[in-house]
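Report on one structure; see the data block that follows.
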2 protein chains.
Amino acid sequence: MLFQGEFNNAIDAKGRASIPAKFRDVLSSVFGDERLMVTQNDGGLAAYPIQEWEKVLEKVKSMQASPLKDAINLALISPAVECSFDKQGRIQLSKAQRCYAGLESEIREIVVVGSINKIMIWNRAMHAEMRKHAEDLLKTEPQALYNLGF
Amino acid sequence: MLFQGEFNNAIDAKGRASIPAKFRDVLSSVFGDERLMVTQNDGGLAAYPIQEWEKVLEKVKSMQASPLKDAINLALISPAVECSFDKQGRIQLSKAQRCYAGLESEIREIVVVGSINKIMIWNRAMHAEMRKHAEDLLKTEPQALYNLGF
DNA sequence: ACACGTTTTTACACTTTGTGGGCAACTATA
DNA sequence: TATAGTTGCCCACAAAGTGTAAAAACGTGT
């Protein structure tokens, strides 16, 4: 369990998103490298430790050519940008990234979510909606949840 | 029957929730480990002994991909954070957790409820309403209750 | 009902983290 | 070459989290 938990942080007018200190600690202690590869996925931004990103890249490279591989390259690999932290623990998101993730100028509220080997960044309102949908789905499956031990 | 009973405890201004000593005793005597994984569920917070959480995780991991699995990851797994006790028997809840559970700054009153293999934490007012709804439902099923021996 | 030990709450001081703003260097454009 | 926009760096303040101590509340057994 590397990255875990949800954090209600902010993005400032310049597009700098602050990342929880916990996550930075994981980066430097586990990976020894505070850089992140930030790409766009599923309406939000996904930030991978460089090491993890390399692993993903290898796997994609070894796929044989197919429309799926092309789509992965186009939608996930190409948009990825390397980011590092400023002294206040923030990463600078590009305009394209903010645009994709619905983080336009006035919006300050984001959620930073640990997701095992990567860090997700969402517009907070969007994330709340996704969570609501997820919870509605869970409510229709009480038995399944019980069986899983929840 | 591991965790059992309701306790009207408090959460302080910094978001530290005190957990009944009884539950801590169960943690150290049964599990030999006082850490908890605290996640968000159903409007409150659910705290699992690490051992129990691992079991749940294994089961979820072994599910095949599906919308239900995605919902579980989004709503239950990702928000989970490991907590341990301070010297006064309290756990620090994150801002996001308090926000989710309706435990904003001024609210001090919580209920800590034992629920077999996990500990639930609720805003006390919210819990009172849920209980009321539950009781209303029970009134519509007197025969079922009688058959159960109540 | 009382005294004792345990548990819970309150209070305060201190550290860390997060946020906003200013300034200068750099880029791209016209 | 001027201009506007972007990026990085720095500082300072505010908010949040951590730790400790002591008071208050609670429960137990006598």
Side-chain angles (χ1 to χ4, degrees), chain A residues 3-29 34-36 38 47 81-100 103-114 119 121-124, chain B residues 3-29 34-36 38 45 47 81-101 103-114 119 121-124:
Chain A
F3 303 111
Q4 206 55 41
E6 289 182 6
F7 299 85
N8 290 335
N9 283 7
I11 182 171
D12 70 14
K14 295 178 183 177
R16 296 175 294 185
S18 67
I19 304 296
K22 266 195 186 179
F23 290 174
R24 266 177 286 147
D25 291 346
V26 171
L27 283 171
S28 57
S29 65
E34 294 216 336
R35 291 171 303 162
L36 290 170
V38 181
V81 180
E82 186 180 309
C83 290
S84 38
F85 288 88
D86 67 17
K87 288 197 176 164
Q88 280 74 251
R90 298 174 289 198
I91 56 176
Q92 176 74 50
L93 301 178
S94 73
K95 235 182 170 179
Q97 289 171 328
R98 280 175 273 158
C99 175
Y100 175 84
L103 298 171
E104 307 299 1
S105 37
E106 337 73 34
I107 292 175
R108 296 290 149 79
E109 303 195 320
I110 61 173
V111 187
V112 184
V113 184
I119 299 167
I121 301 172
W122 304 92
N123 171 312
R124 202 181 301 166
Chain B
F3 303 111
Q4 204 61 35
E6 287 183 10
F7 300 84
N8 289 332
N9 283 8
I11 182 171
D12 72 12
K14 305 293 178 69
R16 293 178 289 192
S18 69
I19 304 297
K22 268 194 185 180
F23 290 172
R24 263 177 288 149
D25 291 346
V26 171
L27 283 170
S28 56
S29 64
E34 295 216 336
R35 290 171 304 161
L36 290 170
V38 181
L45 302 173
V81 181
E82 186 180 307
C83 291
S84 37
F85 288 89
D86 65 16
K87 287 187 182 169
Q88 279 82 273
R90 300 174 293 190
I91 56 176
Q92 173 75 49
L93 302 178
S94 76
K95 226 182 170 187
Q97 289 172 328
R98 280 175 275 155
C99 176
Y100 175 84
L103 298 171
E104 307 299 2
S105 38
E106 336 74 34
I107 293 175
R108 296 290 149 79
E109 304 195 318
I110 61 174
V111 187
V112 184
V113 185
I119 299 167
I121 301 171
W122 303 92
N123 171 313
R124 202 180 300 166

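Every value quoted in this text rests on a predicted model; they were computed, and no experiment measured them.
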Can you sort out which residues in residues 15-23 of chain A have a heavy atom within less than 4.0 Å of DNA chain C? Ascending by number, please.
A:R16, A:S18, A:I19, A:P20, A:A21
By salt bridge (charged side-chain N to carboxylate O under 4.0 Å, His left out), B:E106 pairs with (sequence neighbours left out) none
Just checking B:N9: base, sugar-phosphate only, or nothing, at a heavy-atom cut-off of under 4.0 Å?
sugar-phosphate
Between the two ends of the helix from C:dA1-D:dT30 to C:dA30-D:dT1, what is the bend in degrees, rounded to 10 degrees, where each end axis spans five pairs?
40°
Contact check, residues 85-95 of chain A vs DNA chain D, heavy-atom distance under 4.0 Å, returns A:K87, A:Q88, A:R90, A:Q92, A:K95
Contacts of B:R24 meeting side chain to side chain contact (heavy atoms under 4.5 Å, CB included) (sequence neighbours excluded), chain-then-number -> B:A21, B:E34, B:F85
Between the side chain of [X] and the main-chain N/O of [Y], is any donor-acceptor distance below 3.5 Å?
{"X": "B:R124", "Y": "B:N9", "value": "yes"}
{"X": "A:Q92", "Y": "A:K14", "value": "yes"}
{"X": "A:R98", "Y": "A:L93", "value": "yes"}

Output one line per pair: protein atom, nucleotide atom from nucleotides 24-30 of chain C, and distance, for all N/O pairs under 3.5 Å.
none

Check: D:dT18 base within 3.5 Å donor-acceptor of B:K14 side chain:
yes
Restricting to non-hydrogen atoms, name the atom on B:V38 and the atom on B:C83 that form the minimum distance, rounded to 0.1 Å.
CG2-SG, 3.7 Å
Separation of [N] [atom2] from [X] [atom1] (nearest whole Å):
{"X": "A:R108", "N": "C:dT19", "atom1": "CZ", "atom2": "P", "answer": "11 Å"}
{"X": "A:F7", "N": "C:dT17", "atom1": "CZ", "atom2": "P", "answer": "12 Å"}
{"X": "B:E106", "N": "D:dA15", "atom1": "CD", "atom2": "P", "answer": "15 Å"}
{"X": "B:I11", "N": "D:dG17", "atom1": "CD1", "atom2": "P", "answer": "10 Å"}

Would you say B:R98 places a side-chain N or O within less than 4.0 Å of OP1 or OP2 belonging to D:dG17?
yes
Quick check: do A:I121 and A:Q97 have side-chain heavy atoms less than 4.5 Å from each other?
no
